[in-house]
Amino acid sequence: MSPLSAAAQAAATASGHAGDDTSLTIAFDDNRLLPLIFGEHDEHLALIEHKLHVALTPRGNRVAVRGSAADIQRARAVLLDLHERAKGGLEITRGEVEGAIRMSRETAAEAEAGAIRTRRKLVTARTPTQRSYMEAIRANELVFGIGPAGTGKTYIAVAAAAQALMNGEVDRIILSRPAVEAGERLGFLPGDMKEKVDPYLRPLYDALYDMMPASLVAKGLAENQIEIAPLAFMRGRTLSSAFIILDEAQNTTPPQMKMFLTRLGEGSRMVVTGDPSQVDLPPGATSGLANALAVLKGVTGVGTVTFSQADIVRHALVGRIVAAYDRDGAKPKKR
């Protein structure tokens, strides 16, 4: 569960007699968010009551919570997490509520222990799948993060890379993407090679600047401690003592994917991310990501984590857009 902002902490206040550990009142500062937090006909509150063995009584912008001290604290954590989601414009479905309940069973120390600490922020799991992804990155030399946009696949991978570099676990970070539909159209663009490829690698730059001060990123790029390059630049290299990320991997061909995976050198770790539903390869071409998932299934040292629409942590509209496209893709196509 992500750390609560100061605003969210201030939005909830506890009341009760000193030493009374069986009741708590949570007050929310924006009544407009309550329908999202409580759910239709208070279904989210009913779910929290059932799963955490507490009694919740909503009155205006307040919720009274009764139960054991431990269960009350878990219910409070769930409600404040839902409050943060609502404030951020994120959709709150039954799946999000169940995820928040599962995450609430961790103590604060356990949540922080499982988080990724970088120079600029502490990145914690916001869904159970994100938690599994973080654990898989720690446990495996090669991890595939598969799923729709907005689930944090690339962001968490870059955070893990920044942490590994900061802790001296690796000597460099290498971030890569297929350039322009996995083809080589760069020659048609103006400018030198860096100017040609930077637009396609911008999401990786953005994530990196979130994790590290700009001065350290600039220094790392200048000294080749951080390398951001198109996939084609990986050919013929052996990448040792590095944290290597391949983003948008659904747009590789099987030979490109094999080439990339076999760059893994001594002391290196690799994360491959992609969305199999967003392949931009020519019609009839096989995605290197789909091929690799089939070929490497069951191989020791390889982890695969699959995200779903329920893991989307961007604006609620992103989740609805993904769902709409999934429904359209499932329709029989006219010939």
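As the structure is a computational prediction, the values presented were derived from the model and not from experiment.
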Quick one, [X] and [Y] - any side-chain contact, counting heavy atoms below 4.5 Å?
X: His83; Y: Phe28; answer: yes
X: Ser287; Y: Leu281; answer: yes
X: Ile116; Y: Leu122; answer: no
X: Val158; Y: Ile156; answer: no
X: Met211; Y: Arg119; answer: no
X: Leu264; Y: Ile244; answer: yes
X: Ile92; Y: His44; answer: yes
X: Leu231; Y: Phe260; answer: yes

Over all heavy atoms of both residues, which pair between [X] and [Y] is shortest? Give the atoms and the distance, please.
X: Ala157; Y: Ile137; result: CA-CD1, 4.4 Å
X: Ile37; Y: Ala86; result: CG1-CB, 4.1 Å
X: Ser268; Y: Ala242; result: OG-N, 2.9 Å
X: Ser240; Y: Gly265; result: OG-CA, 4.0 Å
X: Ile48; Y: Ala75; result: CG2-CB, 4.2 Å
X: Ala292; Y: Met257; result: CB-CG, 3.7 Å

* Under 3.5 Å, is there a donor-acceptor pair linking the side chains of Thr286 and Asn291? -> no
* Any side-chain donor-acceptor pair under 3.5 Å between Thr151 and Asp311? -> no
Any donor and acceptor pair, going by atom type alone, linking the side chain of [X] with main-chain N or O of [Y] inside 3.5 Å?
X: Gln250; Y: Asp275; result: yes
X: Asn140; Y: Leu142; result: no
X: Tyr133; Y: Lys153; result: yes
X: Thr262; Y: Lys258; result: yes
X: Arg263; Y: Met259; result: yes
X: Glu223; Y: Gly220; result: no
X: Glu84; Y: Asp81; result: no
X: Ser176; Y: Leu246; result: no
X: Asp71; Y: Val54; result: no
X: Arg120; Y: Tyr209; result: yes

* Could you please spell out the steps behind the side-chain contact (heavy atoms from CB on, under 4.5 Å) verdict for Phe38 and Val63? => CA-CA 10 Å; Phe38 294 175; Val63 178; 3.4 Å; yes
Mind checking the [atom1]-[atom2] spacing from [X] to [Y]? Nearest 0.5 Å is all I need.
X: Leu34; Y: Leu36; atom1: CG; atom2: CG; answer: 9.0 Å
X: Ser23; Y: Arg66; atom1: OG; atom2: CZ; answer: 5.0 Å
X: Leu45; Y: His50; atom1: CG; atom2: NE2; answer: 14.5 Å
X: Leu261; Y: Thr252; atom1: CG; atom2: OG1; answer: 8.5 Å
X: Asp210; Y: Thr118; atom1: CG; atom2: OG1; answer: 8.5 Å
X: Leu175; Y: Glu227; atom1: CG; atom2: CD; answer: 9.0 Å

* **Matching residue for Ile146 among Leu289, Val305, Val272 - test: side chain to side chain contact (heavy atoms under 4.5 Å, CB included)** => Leu289
* To do: Mind running salt bridge (charged side-chain N to carboxylate O under 4.0 Å, His left out) on Glu169 and Arg138 for me, showing each step along the way?
  => CA-CA 12 Å; Glu169 298 168 21; Arg138 291 189 185 94; over 6 Å; no
* SB check Glu141 Arg269 (cutoff 4.0 Å) -> no
* Given the rule in the side chain to side chain donor-acceptor pair (under 3.5 Å) test, do Thr93 and Glu96 qualify, once you have shown the distances and angles that lead to the verdict? -> CA-CA 5 Å; Thr93 65; Glu96 272 77 49; 2.4 Å; yes
* To do: Apply side-chain contact (heavy atoms from CB on, under 4.5 Å) to Arg76 and Ile26, showing your working.
  => CA-CA 8 Å; Arg76 176 181 182 276; Ile26 302 174; 3.9 Å; yes
* To do: Carefully, step by step, assess Asp247 and Leu204 under the rule side-chain contact (heavy atoms from CB on, under 4.5 Å).
  => CA-CA 8 Å; Asp247 192 32; Leu204 298 176; 4.0 Å; yes
* Should Val170 and Met166 be counted in the same cluster of Ile, Leu, Val, Met, Phe, Trp and Tyr side chains packed under 4.5 Å apart? -> no
